[in-house]
Amino acid sequence: MSGEYERAFRESVADPEHFWGAAAEKVHWYKKYERVLNSENSPFYRWFEGGVVNSCYNALDYHVENGVKDRIALIYDSPVTKTIKRYTYGELLDLVARCAGGLEQLGVGKGDRVVIYMPMIPEAVIAMLACARIGAIHSVVFGGFAARELAARVEDATPLVVITASCGIEVNRIIPYQPLLDAALDMCAHKPQACVVVQRPESPTILKKGRDVAWNVLLEADPVACVPVLATDPLYLLYTSGTTGKPKGVLRDNGGHLVALTWSMKNIYDIRSGEVYWAASDIGWVVGHSYIVYGPLFYGCTTILYEGKSVGTPDAGAFWRVIAEHGVSVLFCAPTAFRAIRKEDPNGEYIKKYDLSAFRTLFLAGERCDPDTLIWAQQHLEIPVIDHWWQTETGWAIGANCTGLELLPVKPGSCTKPVPGYDVHVLDAKGTALPSGETGNIVVRLPLPPGCFTTLWQNDKDFVKTYFSAYPGYYLTSDAGYIDADGYLWIMGRTDDIINVAGHRLSTGAMEEVLASHPDVAECAVAGVHDQVKGEVPLGFVVLKAGIVKEQDVIGPELILLVRQKIGPIASFKAAAVVKRLPKTRSGKILRGTIKKIADGVTYQVPATIDDPVILDEITVTLRGMGYPKR
Ligand code: COA
Ligand code: AMP
């Protein structure tokens with residue numbers, strides 16, 4: 001071991017200003033910042049105050065002006081439409097500059113919001129960068145969300161413009177977006193000035209007169225230059241699940257984000273400028289923002305935009321085909337993708353069919369990677385497989401094996417060590433530091449490094465209350481886990497009602513709100529239970545109102561449809577059972593954790609505070625009838 005990681009980590013914690021000031025030398029500033037860090041108004045830290053910058057300039061113009069105009073910036077690889085399209089840095093810049101010009105013509109300027117509700121097509125990336133170019137704040141909404149979720153985001157972000165496409169393609173299913181957008185806007189008091197629509201040949205739509213503008217028409221505008229913005233000005237707003245049905249708008253700045261992501265490309269992922277980096281995620285998630293769009297382009301890499309799944313498009317070799325065909329050096333994806341591949345191809349036969357010689361490292365995140373899956377990937381790929389941990393709020397990894405500093409030994413099940421900049425601690429409920437090996441609340445001592453969220457959109461109050469009030473001076477991650485004797489981090493699960501379904505962050509509270517809205521439901525509970533491929537899936541339990549007699553096979557599908565309509569297919573809500581009562585404590589708290597343990601087949605103790613232990617037997621019988629536990 002070189003000790004490079006320890007040195008960097010210690011320096012980042014002892015003198016963050018010096019550490020991040022050095023990292024900031026690697027990016028382009030129109031005007032250098034006056035201070036690296038302003039800590040005067042904790043927890044509202046301001047990185048690179050006074051600096052003037054543009055994120056789009058750093059992603060595109062900088063490279064074009066420095067002689068790599070013809071390097072491939074973006075490869076759109078879409079097995080679902082059988083398309084592969086490459087864009088050089090020069091071509092991408094031209095499209096982005098025209099799109100930015102078109103947005104300006106629609107009246108969009110610095111600080112205005114633009115909602116991007118799009119599938120995984122190049123126009124989505126172009127739209128994001130175009131917003132960054134003119135200082136507008138983009139808010140990308142994942143395409144698998146239903147109209148109501150889109151409406152909640154439109155209402156909160158109050159965008160001047162919404163950019164969308166005529167349809168998404170889910171393997172072999174066309175998903176028309178226009179009906180979803182129309183339904184969402186009908187629900188909103190806020191009406192955007194215009195909607196820009198990319199017409200996809202697979203299913204074009206009829207544009208609404210007076211509201212819709214065709215993407216091609218938007219791009220007829222003259223290209224415009226970058227608008228210099230303050231480092232502390234917001235770059236984007238991304239909604240994520242909170243503990244209530246209302247999503248939280250995570251706000252990210254320009255300067256800190258630029259410096260942190262640029263640093264991470266070299267030091268975490270050990271990629272070189274010009275190499276091919278692939279994050280097999282979706283632009284609707286934070287991983288897509290950071291590592292499909294911004295990080296690789298800041299660093300002059302070629303990034304891949306993949307419209308497909310890990311299996312079934314066309315087979316379990318889908319990922320290996322992409323890696324071989326485009327010479328991918330680093331792949332970043334969710335463990336669920338690997339569990340799906342492993343299920344289809346347990347002996348790794350598809351892996352052997354492809355030339356994966358360029359492939360150096362696999363990074364996994366989004367949910368805990370079970371050791372079996374990690375070891376399977378290690379054995380079949382014969383490269384380092386790194387689990388790393390992060391959150392929408394941080395925007396980049398909190399815990400990782402920083403392979404560009406030095407490759408530390410991998411411990412399957414652990415996300416290795418805190419990344420430089422994150423001073424991670426484990427505390428008990430009273431705020432006492434726990435000894436190594438003991439599980440508690442994982443917190444990060446302030447300041448958070450650059451790149452982390454600066455606040456919640458128009459909601460400073462909840463920002464402070466949710467993340468900084470439990471332990472003053474620390475950021476509460478809402479993850480539980482421990483640090484072992486070697487300083488390795490083990491992230492074991494959430495402490496709130498968030499579950500991770502196929503790497504997608506969802507709130508069981510939000511699903512309960514939907515179930516409770518069914519006219520026949522008196523009470524309900526949703527628990528995340530183990531799933532072999534998706535990690536976790538939600539299971540619903542409902543108690544019907546007195547006098548309602550409905551068979552399980554009638555109410556079940558109604559509830560499933562309701563969640564699909566109100567939250568979206570991405571919730572993977574596929575089972576709801578009617579029970580006579582829910583297990584509760586004497587004070588009326590529903591024992592969701594106990595339901596989960598029964599469903600997962602984990603040994604559990606009957607909680608001392610339970611109201612009536614017999615209910616647990618009834619729940620056990622119901623779960624058995626549903627096929628649980630599955631392992
Ligand atoms: N628009 C509309 N619907 C969408 C959608 C989108 N953008 N994305 C997903 N959905 C739908 C799916 O079609 C599916 O619908 P169904 O229940 O009718 O079949 C549902 O939402 C659940 O999707 P998903 O969780 O992706 O499950 P899946 O069975 O389609 O695929 C995997 C499972 C593991 C193969 C797939 O999730 C995968 O390849 N994941 C890769 C990693 C990843 O995406 N990570 C994100 C976080 S880093
Ligand atoms: P998201 O904000 O969608 O990125 O989800 C963040 C949450 O996903 C975290 O709070 C964790 O609960 C979980 N998560 C992400 N990466 C990991 C990981 N490598 N190990 C364990 N949990 C993870």
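Residue indices begin at 1 and follow the sequence shown. Order of appearance sets the numbers: ligands from 1, and atoms from 1 within every ligand.
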Proximity of Lys574 to ligand 1 by residue part, where a heavy atom lies under 4.0 Å: side chain
For Val198, the option from Thr164, Thr205, Ile121 that meets side-chain contact (heavy atoms from CB on, under 4.5 Å): Ile121
Part of Trp390 within contact of ligand 2 (heavy atoms, under 4.0 Å): backbone
Atom 23 (O) of ligand 1 [closest protein heavy-atom partner, distance rounded to 0.1 Å]: Ile570 CD1, 3.8 Å
Arg564, any N or O under 3.5 Å of ligand 1 N or O: yes
Residue selection (non-hydrogen contact nearest atom 38 (C) of ligand 1) among Ser310, Ala340, Gly568: Ser310
Numbered atoms of ligand 2 (with element) below 4.0 Å of Arg494, judged on heavy atoms: 9 (C), 10 (O), 12 (O)
Ligand 2 versus His504: contacting region, heavy-atom distance under 4.0 Å: neither
Given Thr477, Thr394, Thr416, Asp479, the one that forms side-chain hydrogen bond (donor to acceptor under 3.5 Å, both in side chains) with Trp389: Asp479
Protein heavy atom at shortest distance from atom 16 (N) of ligand 2: Gly366 N, 3.1 Å
Closest to atom 43 (C) of ligand 1 (judged by heavy-atom distance), picking from Gly503, Cys333, Ala337, Ala280: Ala280
Under-4.0 Å heavy-atom contact with ligand 1, by part of His504 that carries it: side chain
Contact with ligand 1 for Gly144, non-hydrogen, under 4.0 angstrom: yes
The one among Thr240, Val286, Asn500 that brings a heavy atom closest to atom 8 (O) of ligand 2: Asn500
pair Ser281-Phe332: side-chain heavy atoms closer than 4.5 Å: no
Closest protein heavy atom (residue, atom, distance) for atom 37 (O) of ligand 1: Ala502 CB, 4.0 Å
Close-contact set for ligand 2 against Thr392 heavy atoms, below 4.0 Å: 1 (P), 2 (O), 3 (O), 4 (O)
Close approach of Phe142 to ligand 1, heavy atoms, under 4.0 angstrom: yes
Shortest heavy-atom approach to atom 29 (O) of ligand 1 - which of Lys309, Glu344, Lys534: Lys534
Protein contact to atom 13 (O) of ligand 1 [nearest heavy atom, distance to 0.1 Å]: Glu170 OE1, 2.5 Å
Plane angle bin for Tyr471 and Tyr474 - parallel if under 30°, tilted between 30 and 60°, otherwise perpendicular: perpendicular
Heavy-atom closest contact (Val250 atom, Thr392 atom, distance): CG1-O, 3.8 Å
Asp531/Val529 under side chain to side chain contact (heavy atoms under 4.5 Å, CB included): CA gap, chis, key distance, verdict: CA-CA 7 Å; Asp531 182 82; Val529 304; over 6 Å; no
Ligand-side contact atoms (ligand 2) for residue partner Ile491, heavy atom cut-off under 4.0 Å: 21 (C), 22 (N)
Side chains of Thr508 and Arg592, donor plus acceptor under 3.5 Å: no
Those atoms of ligand 2 less than 4.0 Å from some heavy atom in His388: 16 (N), 18 (C), 19 (N)
Nearest heavy-atom neighbours spanning Val426 and Gly481: CG1-O, 3.5 Å
Heavy-atom pair with the smallest gap, counting every atom of Arg360 and Ile383: O-CB, 3.3 Å
Ligand 2 contact by Cys415, heavy-atom criterion under 4.0 angstrom: no
Which residue and heavy atom of the protein sit nearest atom 48 (S) of ligand 1, plus the separation: Ser281 OG, 3.5 Å
CD/Gln532: more than 12 non-hydrogen atoms of other groups inside 6.0 Å: no
Whether over 12 other heavy atoms sit under 6.0 Å from Lys597 NZ: no
Polar contact flag for Tyr177 and ligand 1 (N/O pairs, less than 3.5 Å): no
Validation row: Leu446, Phe468 side chains within 4.5 angstrom (heavy atoms): yes
Heavy-atom nearest neighbour in the protein, as seen from atom 3 (O) of ligand 2, with distance rounded to 0.1 Å: Arg505 CB, 3.2 Å
Min side-chain heavy-atom separation Ile75-Glu325 under 4.5 Å: no
Pro569 contact mode with ligand 1 (heavy-atom cut-off under 4.0 Å): both
Distance from atom 40 (N) of ligand 1 to nearest protein heavy atom, with residue and atom: Thr336 CG2, 4.1 Å
Residue part near ligand 2, for Arg368, under 4.0 Å between non-hydrogen atoms: both
Enumerated ligand 2 atoms positioned under 4.0 Å from heavy atoms of Asp387: 18 (C), 19 (N)
Test item: protein heavy atom less than 4.0 Å from atom 4 (C) of ligand 1: yes
Salt bridge Lys85-Glu123, side-chain N to carboxylate O under 4.0 Å: no
Between Trp457 and Tyr239, ring centroids under 6.0 Å: no
Check against salt bridge (charged side-chain N to carboxylate O under 4.0 Å, His left out), Glu367 and Arg339: CA-CA 12 Å; Glu367 55 177 315; Arg339 286 195 295 267; 2.7 Å; yes
Nearest neighbour in protein (non-hydrogen) for atom 45 (N) of ligand 1: Ala334 CB, 3.6 Å
Qualifying residue for ring pair (Phe, Tyr, Trp, His ring centres under 6.0 Å) with Trp396, from Phe363, Phe453, Tyr422, Tyr291: Tyr422
